[in-house]
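Since the model is a prediction, treat every value here as computed from it, not as a measurement. The first residue in the sequence is number 1, and the count goes up from there.
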Amino acid sequence: MSSRWQTKQHEIGLILSGGGARAAYQVGVLKAIAKLLPPERRFPFRIIVGTSAGAINATALAAEPSGFHAGIHQLELVWKTLHCHSIYRSDFAGVSKQILYWLASFFLGGMGRRNPRSFLDNSPLKGFLQKVITFRNIQASVAADNLKAVSVTALGYSSGQSVCFYEGDPCHNWQRAQRVGVSCTLSLEHLLASSAIPLVFPAARIHREYFGDGSIRQHAPVSPALHFGASKVLVIGVSPHARAPERHKTSSHPSLAQVAGQLLNGTFLDSLENDLERLQVLNRLLDLIPENKLEEAGIPMRKVDVLLVAPSKPLEALAAQHSMHFPWAVRYLLRGIGALRRGGSVLASYLLFEPPYTRDLIRLGYQDAMQQKEEILAFMGVEAPASTTQENTFSGAL
């Protein structure tokens with residue numbers, strides 16, 4: 001360890017929430033953290049928890065054998081060159097097929113061989129993930145003790161359970177009300193299931209059950225990291241931290257896109273904010289109770305330090321500026337349901353997998369993290385000497 005840095009060791013968990021294309025913001029935050037940390041901190045997060053698109057980022061990080069800095073570099077390259085056609089069929093034939101399928105099912109009363117499964121066809125995602133993630137590297141990282149656990153959460157459509165599939169120490173299985181932790185070898189199917197946005201993408205089958213996006217009914221997103229033994233948790237959100245909402249007088253009925261956008265926000269954002277509020281309340285309560293009293297009462301609770309890094313501005317506003325970059329067939333479809341209007345841009349912010357938008361998200365994440373530079377360094381247990389400075393400007397490479 002260099003004498004220029006002092007490091008305190010903690011088991012730090014990383015929480016990457018869902019949010020479709022918004023997950024590019026997480027890459028910007030992680031890029032800033034990689035820049036702030038000393039090079040010898042190759043594996044600063046031995047516990048990584050991901051959901052939906054955050055699960056893809058989490059698994060990609062866990063599968064990088066060269067360490068955190070190299071993993072972030074690869075993630076940045078992927079997100080900066082990502083296109084809608086890498087995630088779902090965005091060509092005229094693909095979009096038209098889905099629309100006609102829905103119309104035929106509607107007018108025939110569902111009498112076809114099978115009912116529609118989703119509004120978009122995400123078959124390209126499978127090939128994309130196979131190219132960017134080497135799943136066998138996760139097992140190697142666990143065996144080398146560079147990684148304690150990485151988890152991916154999905155919802156079982158039959159059971160209604162939120163299932164946290166994880167690779168790591170199998171002694172950490174747990175069961176709570178409507179949520180369980182299951183040890184497994186993570187695979188492509190787990191990512192397809194966790195990122196299957198309800199109604200937008202089709203469910204994925206794992207063993208005997210079909211699973212969908214892990215953000216649905218995920219009442220405690222931070223919980224897996226605590227089960228794995230994290231004493232600190234760094235959370236990267238994809239929406240500005242909750243504040244008093246502004247109410248505007250409106251005369252027009254909300255569009256389908258506006259309604260869908262609020263449903264997605266409820267799925268991806270609300271549970272995380274509620275869980276963080278509960279943690280804050282529990283931490284304050286635990287400050288008032290002596291540890292020996294907790295032990296005597298047999299209550300296995302401990303205080304958990306939490307740091308949240310969240311966007312400094314609404315991402316739907318950023319998406320609205322880049323809506324013209326949607327493939328024209330998708331743009332035509334989204335315009336029909338009002339997703340390209342101001343009120344419907346929330347939906348667009350989840351589906352706009354195009355470089356102009358994702359690059360701006362990465363840039364925003366980097367800048368927001370740098371604004372919290374001192375907090376992040378203190379949280380990570382790293383103290384830099386007064387002479388050490390870090391740039392607060394964004395650059396294209398690590």
Side-chain angles (χ1 to χ4, degrees), residues 5 7-8 10 12-19 21-51 53-54 56-58 60-62 64 67-80 221-222 225 230 232-243 268-269 272-273 276 305-315 317-318 349 357-384 388-398:
W5 297 85
T7 306
K8 301 176 182 178
H10 288 280
I12 304 176
L14 175 64
I15 309 292
L16 301 176
S17 59
R22 291 178 175 221
Y25 175 85
Q26 299 169 351
V27 179
V29 174
L30 293 171
K31 176 180 177 177
I33 294 174
K35 185 180 182 69
L36 292 171
L37 292 181
E40 53 265 37
R41 291 287 292 271
R42 293 180 61 236
F43 299 96
F45 304 104
R46 296 178 63 245
I47 297 170
I48 307 177
V49 175
T51 305
I56 295 175
N57 285 341
L61 276 179
E64 175 50 57
F68 180 67
H69 293 75
I72 297 306
H73 180 68
Q74 291 301 316
L75 268 179
E76 183 184 9
L77 289 177
V78 168
W79 279 97
K80 280 188 171 183
V222 180
K232 289 185 166 187
V233 178
L234 175 66
V235 181
I236 305 180
V238 292
S239 177
H241 192 47
R243 56 180 181 271
F268 289 110
L269 310 178
L272 178 60
E273 293 177 354
L276 292 177
D305 292 335
V306 180
L307 177 63
L308 172 67
V309 182
S312 56
K313 57 185 179 182
L315 300 189
L318 203 58
S349 72
Y357 176 56
T358 56
R359 291 185 181 208
D360 274 359
L361 288 178
I362 293 172
R363 184 178 294 107
L364 178 63
Y366 182 90
Q367 293 170 348
D368 287 346
M370 282 300 186
Q371 290 297 320
Q372 293 181 242
K373 176 177 64 177
E374 302 302 329
E375 290 179 76
I376 291 172
L377 284 173
F379 184 82
M380 299 297 295
V382 176
E383 297 178 2
T388 300
T389 58
Q390 299 288 348
E391 294 182 5
N392 195 27
T393 56
F394 179 86
S395 61
L398 285 170

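- Scored by the side chain to side chain contact (heavy atoms under 4.5 Å, CB included) test, Ala53 finds Ala23 as partners (sequence neighbours excluded).
- With contacts defined as side-chain heavy-atom distances shorter than 4.5 Å, the pair Leu315/Leu364 qualifies.
- Proximity of Val306 to Val222: side-chain heavy atoms (C-beta onward) are nowhere separated by under 4.5 Å.
- Screening Ile15, Val235, Val233 for a side-chain contact (heavy atoms from CB on, under 4.5 Å) involving Leu308 leaves a single residue, Val235.
- Contact between Pro311 and Val238 at its shortest, heavy atoms only, is CG-C, 3.7 Å.
- Considering only residues two or more places apart in sequence or on other chains, Ser17 meets the side chain to side chain donor-acceptor pair (under 3.5 Å) condition with none of them.
- For Ser349, the side chain to side chain donor-acceptor pair (under 3.5 Å) partners two or more places apart in sequence, or in a different chain, are Arg22.
- In this view, Phe45 and Phe68 satisfy the ring pair (Phe, Tyr, Trp, His ring centres under 6.0 Å) rule, not counting sequence neighbours.
- The nearest pair of heavy atoms linking Pro44 to Met380 is CB-CE, 3.8 Å.
- For the atom pair NZ (Lys373) and CE (Met370), the distance works out to 7.0 Å, reported to the nearest 0.5 Å.
- Closest non-hydrogen pair, Ile47 versus Ala225, comes out as CG2-CA, 4.0 Å.
- Residues passing the salt bridge (charged side-chain N to carboxylate O under 4.0 Å, His left out) test with Asp368: none are found, sequence neighbours excluded.
- Of all heavy-atom pairs spanning Ile376 and Ala369, the tightest one is CD1-O, 3.4 Å.
- Closest heavy-atom contact between Pro240 and Pro314: CG-N, 3.7 Å.
- Qualifying side chain to side chain contact (heavy atoms under 4.5 Å, CB included) partners for Phe379, counting only residues two or more places apart in sequence or in other chains: Ile12, Lys232, Leu234, Asp305, Leu307.
- The main-chain N or O of Ser239 is never found under 3.5 Å from a side-chain atom of Tyr25 such that the two would form a donor-acceptor pair.
- Of all the heavy atoms in Ile362 and Ala24, the pair that sits closest is CG1-O, 3.4 Å.
- Of the inter-residue distances, the one linking Gln372 atom CD with Leu36 atom CG reads 11.0 Å to the nearest 0.5 angstrom.
- The line from NZ of Lys80 to CG of Leu361 is 12.0 Å long, rounded to the nearest 0.5 Å.
- Side chains of Leu30 and Asn57 form no contact here, defined as non-hydrogen atoms less than 4.5 Å apart.
- Between the NZ atom in Lys31 and the CH2 atom in Trp79 there is a gap of 15.5 Å [rounded to 0.5 Å].
- Considering only heavy atoms from C-beta on, Asp360 comes within 4.5 Å of Arg363 through its side chain.
- For the pair Ser312/Gln371, no side-chain contact is recorded, criterion being any heavy-atom separation below 4.5 Å from C-beta on.
- Residues His73 and Glu64 fail the side-chain proximity criterion, which asks for heavy atoms closer than 4.5 Å.
- Between Leu61 and Leu14, the closest side-chain pair of non-hydrogen atoms falls below 4.5 Å.
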